[in-house]
Amino acid sequence: MSSTIHFRIDEETKRLAMQAAERQQMSLTELMRQRAEELAAEERRHQSSEHEGWLEEQIAQAFSRHDAGEGEYISNDEMEHRMNALKQRATRGTL
């Protein structure tokens, strides 16, 4: 699926942008699409790095709790029981 972007620029900017596109043997549309894709890729990397930072912080906090003896250890069966109870509550909308 694709979408269209419309924006206004002054004539001088348009003229220079068209010349830059011609120099690269591209249409201005192709060049602007490429630049938009580059911006999107940059944003994906930014969002990914933010998530990685958050995840690293969560892991560090978990190890800190472990080192402080604050951890609760349960069996796999108990974990599955608790998760099933949470899933049921989520399904009912009572979380």
Side-chain angles (χ1 to χ4, degrees):
M1 185 171 146
S2 63
S3 108
T4 304
I5 300 173
H6 297 275
F7 58 92
R8 296 194 179 277
I9 55 174
D10 63 74
E11 287 298 320
E12 176 71 2
T13 301
K14 179 181 176 182
R15 184 181 66 74
L16 291 170
M18 288 178 76
Q19 287 177 350
E22 287 174 14
R23 193 174 61 254
Q24 296 181 34
Q25 299 179 338
M26 301 174 81
S27 71
L28 184 54
T29 298
E30 290 170 324
L31 183 59
M32 297 309 296
R33 182 180 301 114
Q34 180 183 14
R35 296 291 169 94
E37 289 169 353
E38 289 168 359
L39 284 171
E42 179 184 319
E43 183 61 18
R44 281 187 199 96
R45 286 190 301 274
H46 173 73
Q47 290 180 7
S48 177
S49 69
E50 276 189 346
H51 176 72
E52 287 173 10
W54 173 84
L55 183 57
E56 287 176 8
E57 177 62 28
Q58 296 301 305
I59 292 168
Q61 288 176 8
F63 276 110
S64 292
R65 287 191 302 273
H66 174 268
D67 293 343
E70 299 172 355
E72 176 187 0
Y73 299 95
I74 59 174
S75 69
N76 189 59
D77 290 339
E78 176 63 18
M79 181 276 307
E80 286 188 18
H81 174 72
R82 289 183 186 188
M83 287 304 297
N84 286 333
L86 283 171
K87 288 176 187 177
Q88 289 173 358
R89 288 179 59 198
T91 301
R92 291 190 307 263
T94 58
L95 261 183

Under 4.5 Å between any side-chain heavy atoms of R82 and I74, yes or no? yes

Residue E43 excluded, over 12 heavy atoms near CD under 6.0 Å: yes

Would Q34 and E30 count as having a side-chain donor-acceptor pair, cut-off 3.5 Å? no

Using the side chain to side chain donor-acceptor pair (under 3.5 Å) criterion, which residues pair with E80? Sequence neighbours excluded. N76

Rounded distance (nearest 0.5 Å) linking atom CG of L95 with atom CZ of R89: 5.0 Å

Crowding at CE, M79 (>12 non-hydrogen neighbours, <6.0 Å): yes

Path from L31 to L16 over hydrophobic side-chain contacts below 4.5 Å: no

Supply the atom-to-atom distance R44 CZ to L39 CG, rounded to the nearest 0.5 angstrom. 11.0 Å

Modelled atom types, side-chain donor and acceptor of H46 and E50, under 3.5 Å: yes

What pair of heavy atoms forms the shortest contact from H6 to T4, and how long is it? NE2-CG2, 3.2 Å

Side-chain ion pair, R33 and E37, N-O less than 4.0 Å: no

Between CD on residue E56 and NE2 on residue H51, distance to nearest 0.5 Å: 10.0 Å

Can you tell me how far CZ of R15 sits from CD1 of I9, rounded to the nearest 0.5 angstrom? 11.5 Å

Taking side chain as C-beta onward, heavy atoms only, is Y73 less than 4.5 Å from E78? no

